[in-house]
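Atoms within each ligand, like the ligands themselves, are counted from 1 in listed order. Start at 1 with the first residue, then count along the sequence.
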Amino acid sequence: MLSEAKNTVLIGLLYVDLAWAGCPDKLSSAANPKTIRRDVVVIGGGASGAYSAVRLREDYGLSVALVEKEAQLGGHVNTWVDLATGRGFDAGVQSYVDVANSSTAFFRRFGIEIGPNTRPAQQPPVYVDFATGKKLSNYILPATTDRNDALRRYLVVAESLLSVFEPGWWTFPKPDAIPQDLLLSFGDAMVKYNLTSALPQILGLTGGGIKDFMNSPLMWVMRPFGVDMARTILGLNAGFIPTSGKNQDLYDAILKLLGPDSLLSSTVVKAKRADEGVTVDVRNAETCQVTRIVAKKLLYAASPTRENLEPFSLDETERETLYKFQFTRPFVGVVSHPSLPLGTSLSNMPEEAQGGNWTAAANREFPYASGFNNFANSSFFRVIVGGDTTLTEKRAREVLLSTFDRLVAAGTINQTDPPQPLKILYFKNHYQMNAHVPTDVIRSGFFQILNSLQGRRSTWYTGSAWATPITTSLWVFTDTVLPKLVESL
Ligand SMILES: Cc1cc2nc3c(=O)[nH]c(=O)nc-3n(C[C@H](O)[C@H](O)[C@H](O)COP(=O)(O)OP(=O)(O)OC[C@H]3O[C@@H](n4cnc5c(N)ncnc54)[C@H](O)[C@@H]3O)c2cc1C
Ligand SMILES: *[C@@H]1O[C@H](CO)[C@@H](O)[C@H](O)[C@H]1NC(C)=O
Ligand SMILES: *[C@@H]1O[C@H](CO)[C@@H](O)[C@H](O)[C@H]1NC(C)=O
Ligand SMILES: *[C@@H]1O[C@H](CO)[C@@H](O)[C@H](O)[C@H]1NC(C)=O
Ligand SMILES: *[C@@H]1O[C@H](CO)[C@@H](O)[C@H](O)[C@H]1NC(C)=O
Ligand SMILES: *[C@@H]1O[C@H](CO)[C@@H](O)[C@H](O)[C@H]1NC(C)=O
């Protein structure tokens with residue numbers, strides 16, 4: 001206990017030091033913060049936080065302040081715009097699943113035109129073992145009918161467990177009532193329900209974010225790849241995208257609507273939270289200006305990491321609960337090189353997967369690049385590097401560059417003469433995703449305690465640690481939190 005407390009203080013000091021770096025006027029600015037008063041302060045302007053701020057202000061008539069670390073809203077969206085043509089390329093979030101009537105309505109209220117998802121998830125793939133750079137001569141995928149049969153079996157299981165996941169973890173069963181299937185390893189569930197033919201599909205859409213995939217409990221696979229996702233792939237749900245091809249458009253429109261109620265490039269340096277209300281000191285990284293937000297309630301919509309939570313002066317219960325979350329860390333980006341083949345996707349597949357040994361693909365160790373996927377009708381390629389939370393941006397870039405070098409060395413692609421380096425045009429750290437906790441923690445009643453934190457010390461929570469990490473599912477979950485928050489005012 002003692003050493004843990006000491007560590008916390010240490011981390012706290014480090015954090016504050018880092019937070020002030022580059023702000024020479026820190027003392028004067030901290031001593032004279034500009035104070036604003038709001039009904040609700042929202043932390044994090046990604047899918048959940050931006051949605052919350054709009055609904056709280058526009059639909060519930062409350063005053064809000066939205067605090068976002070980056071210089072724009074949108075979180076994982078990561079649209080890169082080619083300045084030469086103005087065309088947008090979505091490096092992060094690709095498309096939306098229509099999970100409720102609210103999904104499309106939220107785009108329409110901002111005048112964002114949407115249409116069916118015509119965007120290919122992937123260009124026709126060429127399978128390459130990125131560890132060696134060599135093309136696989138004999139990798140095969142399951143027949144589509146087999147895949148769909150297996151996905152339908154998966155869907156039946158997911159539907160039987162739906163109330164555990166949706167909306168959010170509100171009704172997660174008590175430790176003695178947890179359905180066995182939830183904690184079964186994915187590998188065992190695969191055998192039990194004959195899901196092997198669905199593995200490449202499920203892995204392709206979630207694998208980069210899940211560590212030790214085959215041993216991971218089914219619930220952590222089923223959370224990002226649940227009922228709505230399975231139904232979308234089976235053509236039973238409609239996926240949609242903004243017709244502009246830029247997912248960022250929605251968040252730019254939200255930013256415009258919120259105006260000065262959005263505090264961009266800002267993080268919390270200190271917070272006091274009590275039943276009577278909260279006081280949050282927020283520092284702008286560019287101007288170094290500190291703003292004190294005095295609010296009745298706080299809605300936390302950023303990742304619950306130690307670094308993010310440190311300034312919030314957690315009490316013991318909060319710390320012992322929220323610090324249990326573990327994460328993975330993907331990077332997404334856009335690259336180009338004249339030698340990368342247009343109209344295809346170079347897809348990372350280990351040699352051992354030859355002949356259709358799909359479990360081999362699930363056994364890869366972090367960090368790795370998942371592919372070079374050509375954006376349709378362009379010379380740009382989408383890349384994702386998957387890793388755990390020790391992965392630095394420097395290392396992630398090295399993974400990408402060394403993968404490219406191996407592709408050249410193995411003759412899979414030809415370097416130009418003279419050789420040109422891989423051009424990394426855009427590269428974004430997704431910091432944390434796939435919040436999960438170990439099985440013994442789940443069995444000790446974690447979710448019941450997590451739910452009991454809602455509303456405690458004037459603080460409410462939403463975001464992908466609390467619900468299915470799909471934009472539209474997060475909105476549905478958020479719609480269950482907001483009325484409770486409003487009622488508590
Ligand atoms: C590669 C990739 C592809 C994806 N594709 C899809 C897809 O196609 N469709 C889909 O629906 N979902 C997709 N997702 C899932 C996506 O993560 C969620 O849909 C959603 O964007 C998560 O929303 P969020 O609000 O929980 O978190 P985020 O979007 O991560 O938002 C959190 C926000 O908090 C900010 N923040 C962090 N720390 C602080 C701090 N200390 N102070 C202030 N602000 C802070 C962050 O900058 C960020 O803006 C994808 C995710 C990844 C990583
Ligand atoms: C969507 O709207 C239709 C028609 O108004 C209604 O029948 C249906 O229940 C709604 N679905 C959801 C998820 O709200
Ligand atoms: C398992 O699934 C495969 C393909 O989906 C199918 O060919 C096979 O018959 C199934 N096996 C059993 C025992 O149902
Ligand atoms: C599939 O690959 C894994 C290695 O990832 C190996 O352990 C297993 O034996 C292989 N299975 C077959 C049938 O070749
Ligand atoms: C690519 O170009 C083709 C042919 O002009 C067109 O049919 C297709 O819609 C384009 N795709 C995208 C994503 O722009
Ligand atoms: C690389 O160049 C050689 C010689 O011009 C050619 O034979 C080969 O097909 C090229 N390989 C690729 C992958 O383009």
Side-chain angles (χ1 to χ4, degrees), residues 15 19 42-52 66-78 90-97 99 103 117 119 121 126 135 205-206 208-209 214 224 228-229 232 239 241 247 251 263-269 280 282-283 285 300-305 307-312 328-333 339 341 350-364 370 382-386 407-408 410-415 417 428-435 461-475 477-478:
Y15 182 77
V42 181
I43 309 297
S48 311
Y51 178 86
S52 300
L66 175 62
V67 179
E68 166 56 44
K69 185 174 71 173
E70 302 290 332
Q72 59 179 14
L73 300 179
H76 284 172
V77 162
N78 296 141
D90 288 318
V93 172
Q94 297 294 292
S95 62
Y96 299 97
V97 179
V99 300
S103 307
N117 179 17
R119 190 179 269 181
V126 172
K135 230 185 252 188
L205 284 169
T206 63
M214 296 306 283
D228 289 304
M229 196 74 130
T232 300
I241 52 172
N247 282 326
Y251 297 93
L263 287 81
L264 298 181
S265 306
S266 296
T267 47
V268 175
V269 285
V280 179
V282 164
R283 189 186 61 88
Y300 188 87
S303 282
T305 61
E307 192 197 23
N308 283 344
L309 289 167
E310 195 55 41
F312 288 88
T328 54
R329 174 174 298 167
F331 287 76
V332 298
S339 300
E351 173 81 36
E352 298 79 44
Q354 292 272 34
N357 181 354
W358 301 305
T359 55
N363 286 336
R364 279 174 303 188
S370 61
R382 179 177 184 231
V383 292
I384 301 178
V385 179
L407 294 173
V408 171
T412 297
I413 56 176
N414 281 337
Q415 237 313 0
D417 183 18
K428 281 283 172 186
N429 190 341
H430 272 180
Y431 296 101
Q432 290 86 24
M433 68 175 299
N434 274 338
Y461 302 87
T462 184
S464 54
W466 277 266
T468 299
I470 289 179
T471 303
T472 46
S473 297
L474 289 170
W475 293 348
F477 172 69
T478 301

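The ring-ring contact (aromatic ring centres under 6.0 Å, His included) search around Tyr51 returns Phe106, Trp475, not counting sequence neighbours.
Nearest heavy atom pair, residue Pro224 against residue Asn434, reads CG-OD1, 4.2 Å. Pairing each heavy atom of Thr232 with each of Gly239, the nearest pair is CG2-N, 4.4 Å. Nearest heavy-atom pair, Pro341 versus Ile413, reported as atom, atom and distance to 0.1 Å: CD-CG2, 4.1 Å. Here the shortest heavy-atom pairing between Val282 and Ser266 reads CG1-CB, 3.4 Å. Taking each heavy atom of Val269 and Arg283 in turn, the nearest pair found is CG1-CB, 4.0 Å. Between Arg382 and Ala91 the shortest heavy-atom distance is NE-O, 2.7 Å.
Near Ser48, the atoms of ligand 1 lying under 4.0 angstrom from a non-hydrogen atom of the residue are 24 (P), 25 (O), 26 (O). With ligand atoms numbered from 1 in the order given, ligand 1 contributes 26 (O) to contacts under 4.0 Å with heavy atoms of Ser464. Close approach of ligand 1 to Thr471 (heavy-atom distance below 4.0 Å) involves ligand atoms 10 (C), 11 (O), 12 (N), 19 (O). Close contacts of ligand 4 with Asn363, meaning ligand atoms under 4.0 Å from a residue heavy atom, involve 5 (O). Contact atoms of ligand 4 toward Ala360: 2 (O), 5 (O) (distance under 4.0 Å to a heavy atom of the residue). Those atoms of ligand 1 that come under 4.0 Å of a heavy atom in Val67, given as number and element, are 43 (C), 44 (N). Which parts of ligand 4 touch Asn357 is read off a 4.0 Å heavy-atom cut-off, strictly below it: atoms 1 (C), 2 (O), 3 (C), 8 (C), 10 (C), 11 (N), 12 (C), 14 (O). Those atoms of ligand 1 that come under 4.0 Å of a heavy atom in Gly463, given as number and element, are 26 (O).
Counting only non-hydrogen atoms, the option in Asn308, Val268, Val93, Leu474 that gets closest to atom 20 (C) of ligand 1 is Leu474. Atom 8 (O) of ligand 1 has its nearest heavy-atom neighbour, among Lys428, Glu307, Met229, Gln94, in Gln94. Ranked by closest heavy atom to atom 9 (N) of ligand 1, the top entry among Ala47, Ser95, Gly75 is Ser95. Nearest to atom 18 (C) of ligand 1 by heavy atom, out of Pro469, Ala91, Ala302, is Pro469.
Here OG of Ser303 is found 6.5 Å from CG of Asn308. Values are rounded to the nearest 0.5 Å.
Counting heavy atoms from C-beta outward, Arg329 and Met433 have side chains that stay 4.5 Å or more apart. Side chains of Lys69 and Tyr431 form a contact here, defined as non-hydrogen atoms less than 4.5 Å apart.
Here Val332 has side-chain heavy atoms under 4.0 Å from ligand 1, and that is the only part of it that gets that close. Contacts between His430 and ligand 1, counted as non-hydrogen atom pairs separated by less than 4.0 Å, involve the side chain only.
Taking a 4.0 Å cut-off on heavy atoms, Gly92 registers as neighbouring ligand 1. Ligand 1 is approached by Ser266 to a heavy-atom distance shorter than 4.0 Å.
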All N/O donor-acceptor pairs, side-chain side in residues 462-473, below 3.5 Å, sequence neighbours left out:
unit_1 : atom_1 : unit_2 : atom_2 : d
Thr462 : OG1    : Thr478 : OG1    : 2.8
Thr468 : OG1    : Glu166 : OE2    : 2.6
Thr472 : OG1    : Val97  : O      : 2.6

Side-chain donor/acceptor pairs under 3.5 Å, residues 71-78, sequence neighbours excluded:
unit_1 : atom_1 : unit_2 : atom_2 : d
Asn78  : OD1    : His430 : NE2    : 2.3
Asn78  : ND2    : Tyr426 : OH     : 3.3

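Side chain of Asp90 to main chain of Asn247: a donor-acceptor pair is present (N/O by atom type, distance under 3.5 Å, no hydrogens or angles). At distances below 3.5 Å, not a single donor-acceptor pair connects side-chain atoms of Ser52 with backbone N or O atoms of Ala50. Arg119 places a side-chain N or O within donor-acceptor distance of the main-chain N or O of Gln94, the cut-off being under 3.5 Å.
Remark: ligand 1 and His76 share an N or O pair separated by less than 3.5 Å (distance only, no angle test). Here's the thing with Arg382: none of its N/O atoms is less than 3.5 angstrom from an N/O atom of ligand 1. Considering backbone and side-chain N/O atoms, Glu70 never comes within less than 3.5 Å of an N/O atom of ligand 1. Checked against a 3.5 angstrom limit, the closest N/O atoms of Gly49 and ligand 1 fall outside it.
Ordered by chain and residue number, the residues placing a heavy atom less than 4.0 Å from ligand 6 are Thr412, Asn414.
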Handout entry: Worked check of side-chain contact (heavy atoms from CB on, under 4.5 Å) between Val67 and Val280
Key = CA-CA 10 Å; Val67 179; Val280 179; 5.6 Å; no

